Amino acid sequence: MAGVADRTRKTAMAHFNACFRSDRGTVARFRDIVDGLARRGRIARLKSAAGTIATATVWEADKAIPDVLIEADGSWLLIVGTPLLSAQMRADCDRPGFLRGFLSDPARSIRTHLDGSFALIAYDGANQRVIAASDYNRTVPVFYAVRPTGAYFCGSELALAKMLQAEIDPEGFAQTIHLATPWGTRTRFAGISVLSPASILTIDANLAANEVPYWRPQEETVWQGGLDRIMDQWSPLVARAVERFQQYRGARDFLTDFTAGEDSRLVLAQCHALGDDYRAHVGGFSGDMDVKVAEHAAKEVGFALDVTPYSLIEPAQVKAHAEDIVLGSDGYANFFTACILFATESKDETYDRAAIKLSGMPGGEAFRGSYYYRAKLLFPSLSGHFEPRFFTRLKYLLDCHRGLLKFPDEAFLAGVHGAIDAALQEVKSCPDGTQVDHLLRMFQTCSWGMINRSPAYLPLATADLTRSIYCLPPGVKKRGALTKALTERLCPAVAWIKTQNGVPTVRRTVLRSPLFLPEYLASLSAVVRGFNRRVLKLNQSGRSLARHLRLDYNRSVFQTLFNDEPYRAMWQSAEAMKTGHLYDPVALNDILDSAREGQCRSLNLLSRIISQELAYRWVCSGDTNPGLKDELRSRTLSDVYR
C-alpha cells in the first residue's frame, strides 16, 4: 500500500481545527489527534495580545487554489477549501487591509470578496472574539462546541468528538441512520453543532455564541420574462462561475466531470463554449451508462476523455482498512461506495490530483425541477398547492426503518417535519416549486460537504448561482427546460448526445415533443423500481441499480466484516457493539444475523450501521497516532471519483 500512502499526501483536501481560550493541555491533545489523522500538516501557533492560545491546522496539498492565512495586529484569519477570492483580495499587499475590513463587517466582506467552497475562522484580537463562517452551501463544514474550558472548532466532527470524548446524541444518531446525515445544525454528538450555510458565528470572550446569516433567500426577487430572456440573465452567471475557476489553473490541467446526467454536461458545454483547454473525466464499471454516454460524446464532439475503471474491493482490503475507509468521510459516506472508491484509488497510478476538476454537483437538481412531480406539482409556479408531508415521505423517508432504534419513531418524525416547516418559513412567499428547490438545497446540497470531505470545484454551488435558485421562475426549471436549452445554446453537439434516460438535453418545442417521451417512461420506471427496492425491498441485485446498492457487488464486503477477524466479534450481537444500546436489540440482531448469511434487504441501512459503529469505536479509542492507518484515514475518498 506504499503507493496509496504516497498519493494520500497529494490528495486535495483542507480540514482545520482551532481551540479558543483553552489551556495548553487541551491544545496539545487536539494537536495530537489531528496529527494522527493526517501526518502531513502545517501547525500554526497563533497567540493573541490577550494571551489566548489557538492552533490552526491546514492540510496543504498540490491544489490550484491555496488556503489563505492572514495575520495583522494580533488578529488572524484562516480560509480553507477552494475559495474564490476577489481581485482585490488576491493582491497580497491588500490582505491585511482585508482583515481589518472583515473584522469591522464580516457579512459585507464575505459577500464582496469570497465565493466558492470555503470555511473561514478568524480571531479579532482587539475585541477578543472568534468568528467562523461557512459558504453558501456548507460544502466545507465547520463543527464547533462551546465548553467551560473554551470554544472548539474543527473541520472533522469525529476528531472534535474524540478530543472532547462527546456522548452520542440519540436524535442526531437516528437522523444519520434514517437520513444519512443529521439535519440543520445537529450532529451525531451531544454538545457539538455544525455551522449553518451562509452563516457567521461569533463567540466572545465570555463564550457567548451568536449565529446570524450573511444572506437570506428572501433577499432575492423572481426574474420576469420568458425562457429566452431568463436564459440571457442566467447564462452569464454560469459562464462567470466556470471562468473564475479557470483563472486559478495556471499550468495545471483543467478537467470536468462528464456523466450520463444533465448537470455535468452543462458545465462541460460551458467549458467548450469558452474555448477552454479542458479534458473530461468519467468513472465507472465497464458497461455503466455513465461511461457509455461519455465515450460516445467524446467521440462525437471530439474532446479528450479520461476514463477511470472502478474496482471491487478485495476481502483482504476490507479486513485491513474498513476503519480507514469510514474515517475518510467522517463516517457519512455510503460505506459500500467508499469501498469501491478505495479499491479503485488503490489501483490507480495515473490520475492527476493536481488538476482543477469541475463537478456538476451539488446544486444541480435545484435548476432542473427534478422533484416537482414527486411533490405533485403540475404547475410549480403557483402557490398554495405544495404538500410538504407528502414530498418529505417520498423524498427523504424511503430509508426510514421503523422500530430499529430506541429513539422513538414519533419523535424522529416530529424532528424531521419540524426542520421542514422551519426551512419553509424562509421561503413562505415563494412559488411552490421554489419551496421544493429550497428543501433540496437545505437537506441535500447542504449535506454534500458532510459526505464528500474534500472542498471541490463546484460551479453550480457558487454564490450567484445559489442565489439564482430563488430568482428563476419554477416554470423554466420544470423538467430541466432552462438547463437543457442553455446546454444546446452553448454546445449543440454535446446537447444532442442522449442522457441515461434516452433523451437529448436540448430545448423543448412542440415539434420535438416525441424526443422526450423516453424521459416520461424512465421517470415512471424509476418510481416503480424505487418502490420495489426501497419499500418492498426487492431486486437488490439488479443491474439498473447504482453501484453501491447492488447486493452481488457488496455481499462479500459485509460477510467479510461480520464473519472474519479482526471485526467479527463486534458484530455478534447488539450487546457487542459500541452503538448497540441505541438500537432495538431484536430488530438489530435480525439484520446482523441476515448479513452474516449474506442477505440484506437494504444496503443503505446496513451501510450506515457499519459506518457509525466503526466511527464511534474510533472516537472511544485512545489510539491517536497508529502510523500509516491514520494517513489513510485522512484521505478524501470521493475527491477524485465523484
Side-chain angles (χ1 to χ4, degrees), residues 12 64 238-239 241-243 245-246 249 252-310 337 340-341 344-345 348 350-365 367-368 370 448 452 454 456-462 465 480 482-506 519 522 546-547 638-642:
V238 179
V242 173
E243 282 181 319
F245 285 113
Q246 197 272 347
R249 66 179 296 184
R252 300 171 191 267
D253 285 338
F254 199 53
L255 283 78
T256 180
D257 277 334
F258 189 78
T259 65
E262 298 180 24
D263 305 322
S264 60
R265 69 169 55 198
L266 172 62
V267 175
L268 183 139
Q270 182 63 76
C271 290
H272 195 85
L274 291 171
D276 291 330
D277 180 20
Y278 69 93
R279 301 202 318 271
H281 173 264
V282 66
F285 292 106
S286 177
D288 278 1
M289 186 58 69
D290 278 0
V291 177
K292 288 182 178 179
V293 170
E295 289 178 336
H296 177 60
K299 182 178 179 180
E300 292 293 317
V301 182
F303 56 80
L305 175 69
D306 297 340
V307 179
T308 299
Y310 285 155
T337 298
I340 289 170
L341 300 179
T344 299
E345 187 165 342
D348 180 21
T350 61
Y351 193 82
D352 183 5
R353 288 162 182 79
I356 290 184
K357 178 170 171 285
L358 304 185
S359 176
M361 288 292 284
E365 289 182 330
F367 301 119
R368 292 191 282 108
S370 303
W448 189 92
N452 300 277
S454 174
Y457 308 107
L458 304 167
L460 299 181
T462 48
L465 287 176
L482 175 63
T483 54
K484 285 183 171 73
L486 182 55
T487 301
E488 183 181 15
R489 175 189 286 186
L490 295 172
C491 186
V494 168
W496 280 102
I497 303 296
K498 293 181 178 180
T499 68
Q500 74 272 38
N501 290 331
V503 300
T505 48
V506 296
E519 190 172 45
R547 59 185 178 271
S638 53
D639 172 49
V640 177
Y641 309 107
R642 269 189 291 280

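For the single chain, residues carry numbers from 1 onward in sequence order. Just so you know, these numbers come straight off a predicted model, no measurement behind them. Computed from heavy atoms alone, side chains included, the values below leave out hydrogens, waters and symmetry copies.
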**Message:** Assess the residue pair K484 and V506 against the criterion (side-chain contact (heavy atoms from CB on, under 4.5 Å)); give the C-alpha distance rounded to whole Å, side-chain angles, the decisive distance to 0.1 Å, and a yes or no.
**Reply:** CA-CA 5 Å; K484 285 183 171 73; V506 296; 5.9 Å; no
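- Atoms CD and CG, from Q246 and D277 in turn, are 9.5 Å apart once rounded to the nearest 0.5 Å.
- You'll find the side chain of F285 reaches within 4.5 Å of the side chain of I340, heavy atoms only.
- Aromatic ring centres of F254 and Y278: separated by at least 6.0 Å.
- Contact between A269 and C491 at its shortest, heavy atoms only, is CB-CB, 3.9 Å.
- Rounding to the nearest 0.5 Å places OG1 of T483 at 7.5 Å from CG of D263.
- A distance of 11.5 Å separates CZ of R279 from NZ of K357, quoted to the nearest 0.5 Å.
- The nearest pair of heavy atoms linking A495 to E488 is CB-CA, 3.5 Å.
- Residues passing the ring-ring contact (aromatic ring centres under 6.0 Å, His included) test with F303 are F258, sequence neighbours excluded.
- Every residue meeting the ring-ring contact (aromatic ring centres under 6.0 Å, His included) condition with F367, not counting sequence neighbours, appears here in chain and number order: W234.
- Residues passing the salt bridge (Lys or Arg N to Asp or Glu O under 4.0 Å) test with E365: none are found, sequence neighbours excluded.
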**Request:** Walk me through it: do F245 and T462 pass the test side-chain contact (heavy atoms from CB on, under 4.5 Å)?
**Result:** CA-CA 10 Å; F245 285 113; T462 48; 4.1 Å; yes
**Message:** For a side-chain contact (heavy atoms from CB on, under 4.5 Å) check, start with the C-alpha distance between V293 and I497, then their side-chain angles and the critical distance, and finish with the verdict.
**Reply:** CA-CA 7 Å; V293 170; I497 303 296; 4.0 Å; yes
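- The CG atom of D253 sits 12.5 Å away from the NE2 atom of H281 when rounded to the nearest 0.5 Å.
- V267 pairs in a side chain to side chain contact (heavy atoms under 4.5 Å, CB included) with only one of the listed residues (T256, L490, L458, T487), which is T256.
- The nearest pair of heavy atoms linking L460 to G360 is CD1-O, 2.9 Å.
- With rounding to the nearest 0.5 angstrom, the CZ atom of R265 is 4.0 Å from the OG1 atom of T505.
- The two residues L274 and A239 make their nearest non-hydrogen contact at CD1-O, 4.1 Å.
- With contacts defined as side-chain heavy-atom distances shorter than 4.5 Å, the pair V238/L465 qualifies.
- With rounding to the nearest 0.5 angstrom, the OG1 atom of T499 is 9.0 Å from the CE atom of M289.
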